[in-house]
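This report refers to the structure that appears directly beneath it.
Throughout, a chain's letter reflects where its sequence line sits, starting with A, and its residues are numbered from 1. FYI, side chains are in, hydrogens and waters are out, and symmetry mates aren't considered; it's all heavy atoms of this structure.
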Amino acid sequence: MKIFTYNVNSVNARLPLILEWFEETQPDVCALQELKCLDEKFPYEPFERLGYNAAVHGQKTWNGVALLSKQPLIDVVRGLPGEPEDEQSRYIEAVVDGSVPVRVTSIYLPNGNPIGTDKYPYKHRWYKRLQARAKEILAFEEISVLSGDFNTIPTKSDLYRESAWLDDALYQPETRAAYQSLKNLGYSDACDLMPPEGNRYTFWDYQAGAWQKNEGIRIDHHLLSPQAADRLKSFEIHKDARGRTHDDAKPSDHVPVGVELDV
DNA sequence: ATGGCATCAAAATGATGA
């Protein structure tokens, strides 16, 4: 089973590119982030034509997450528990209903910039809630994969130049510690288990020629429960997606990142 | 040090992103 995460930066603005990637890659499951549309504006039909079921948690203009799966999705959870007044659509979870159940998520963790505004403590409240849910998921002792855009650069190896990120919410010591705490619960970062040769970036800014200079960062992750880690067959970053266009659609600033599990 | 680029939605001297 191939499970991907892909921050698409507007599912409708980029639809031709996304569909082309789906046809080529044939993921079994794909977690999408930054839909930037309400549920009713999600392009269900073209994905159904490719054979996918969709569970969507959308939002107008910003945020919005979805799970697409060839097999049915059951037990869908829309929104991260723990802060009822949080109206931002950044979390969806479901179980892929195959011969062996696999729990999957699409996470769009808050960016947190600029530090010093409400955005930064919101990021860390959100991290605490994610840790609580991640702990509950571990207790199920299932094959579970926490996939998404964590807006967290875990280590110095995950950026092109540390000095450019020292004042950024994505690379603060407490942000990296929060990510590490998820791993300390018992999850493994698929990229650590199967490090790719060379480049491991998943995001390149649109600005200042970051892609051309390969000034990227790694912020899109898969955290595997022990049951999932035992079944990890491969880890891949679809870097070439960053440079591709289709029918005038421009690429997202993130690229798809995938794991293959022996399921 | 700043802005650079992209999207949405509104029609901004904008908001947000990472």
With a 3.5 Å limit on both atom pairs, tell me what B/dT13 is paired to, counting Watson-Crick and G-U wobble, or say none.
none
When rounded to whole Å, the CG to C1' distance for the pair A/Asp248 and B/dT7 reads 16 Å
Please classify the nucleic acid contact of A/Asp253 as base, sugar-phosphate, or nothing, using heavy-atom distances under 4.0 Å.
nothing
When the distance from CD of A/Gln59 to P of B/dT16 is rounded to whole Å, what number comes out?
12 Å
Tell me which nucleotide among B/dA18, B/dG17, B/dC8 gets nearest to the side chain of A/Ser10.
B/dC8
Using a 4.0 Å heavy-atom cut-off, does A/Tyr108 contact any base of the nucleic acid, only the sugar-phosphate backbone, or nothing at all?
sugar-phosphate
Closest nucleotide of DNA chain B for A/Asp149 versus for A/Ala13: which of these residues is on the 5' side?
A/Ala13
How about A/Tyr179 and A/His221: are their ring centroids closer than 6.0 Å?
yes
Reckon A/Arg90 touches a base, only the sugar-phosphate, or nothing at all at heavy-atom distances under 4.0 Å?
sugar-phosphate
Nucleotide nearest A/Gln207 (side chain, heavy atoms from C-beta), chosen from B/dC8, B/dC5, B/dA18
B/dC5
side-chain contact (heavy atoms from CB on, under 4.5 Å) with A/Ile3: which of A/Val102, A/Val257, A/Asp28, A/Leu67?
A/Val102
If we take the C1' atom in both B/dG14 and B/dA9, what is their distance in whole Å?
10 Å
Whole-Å C1' distance, B/dA12 and B/dC8:
14 Å
Would you mind reading off the distance between A/Lys119 atom NZ and B/dG17 atom C1', rounded to a whole angstrom?
9 Å
Among B/dT16, B/dG17, B/dA10, the nucleotide that comes nearest once only the side chain of A/Lys60 is considered
B/dA10
Using atom C1' of each nucleotide, how far apart are B/dA10 and B/dA15 to the nearest Å?
11 Å
Starting from P on B/dC8, measure out to CG on A/Leu15 and report it in whole angstrom.
12 Å
Result for 5'-nearest mapping on DNA chain B, choosing between A/Pro114 and A/Pro251, is A/Pro251
Donor-acceptor pair, A/Lys123 side chain versus A/Asn151 backbone, under 3.5 Å?
yes
A/Tyr206 OH - B/dC8 P separation (whole Å):
10 Å
Rounded to whole Å, how long is the line connecting atom CD1 of A/Ile217 with atom P of B/dG17?
14 Å
Can you check the distance between B/dA1 and B/dT16, where both ends of the measurement are the P atom (answer in whole Å)?
24 Å
Is the phosphate of B/dA6, meaning OP1 or OP2, less than 4.0 Å from a side-chain N or O of A/Asn9?
no
So does A/Asp168 reach the base of B/dA18 with its side chain, donor to acceptor, closer than 3.5 Å?
no
Taking the six-membered ring where the residue is Trp, are the ring centres of A/Phe22 and A/Phe47 under 6.0 Å apart?
yes
Between B/dG3 and B/dA11, how far apart are the C1' atoms? Round to whole Å, please.
24 Å
Checking B/dT7, B/dA18, B/dA9 against the side chain of A/Lys36 (C-beta onward), the nearest is B/dT7
Given the side-chain rings of A/His238 and A/Tyr6, with only the six-membered ring counted for Trp, is the space between their centroids under 6.0 Å?
no
Looking at A/Arg90 and A/Glu34, does any basic side-chain N land under 4.0 Å from a carboxylate oxygen?
no
With a cut-off of less than 4.0 Å, is there a side-chain N or O of A/His254 near OP1 or OP2 of B/dG17?
no
Looking at A/Arg14, does any N or O in its side chain come under 4.0 Å of the phosphate oxygens OP1/OP2 on B/dA6?
no
Does A/Lys123 reach a base, just sugar-phosphate, or nothing at all? Heavy atoms under 4.0 Å.
nothing
With a 4.5 Å limit on heavy-atom distance, are the side chains of A/Ser147 and A/Val104 in contact?
no
A/Leu35 has an atom CG; how far is it from atom P of B/dC8, in whole Å?
12 Å
Of the options B/dA6, B/dT16, B/dA18, whose atoms approach the side-chain atoms of A/Trp62 most closely?
B/dT16
Could you check how far CG of A/Asn111 sits from P of B/dA6, rounded to whole Å?
18 Å
A/Asn151 side chain near B/dA18 phosphate (N/O to OP1/OP2, under 4.0 Å):
yes
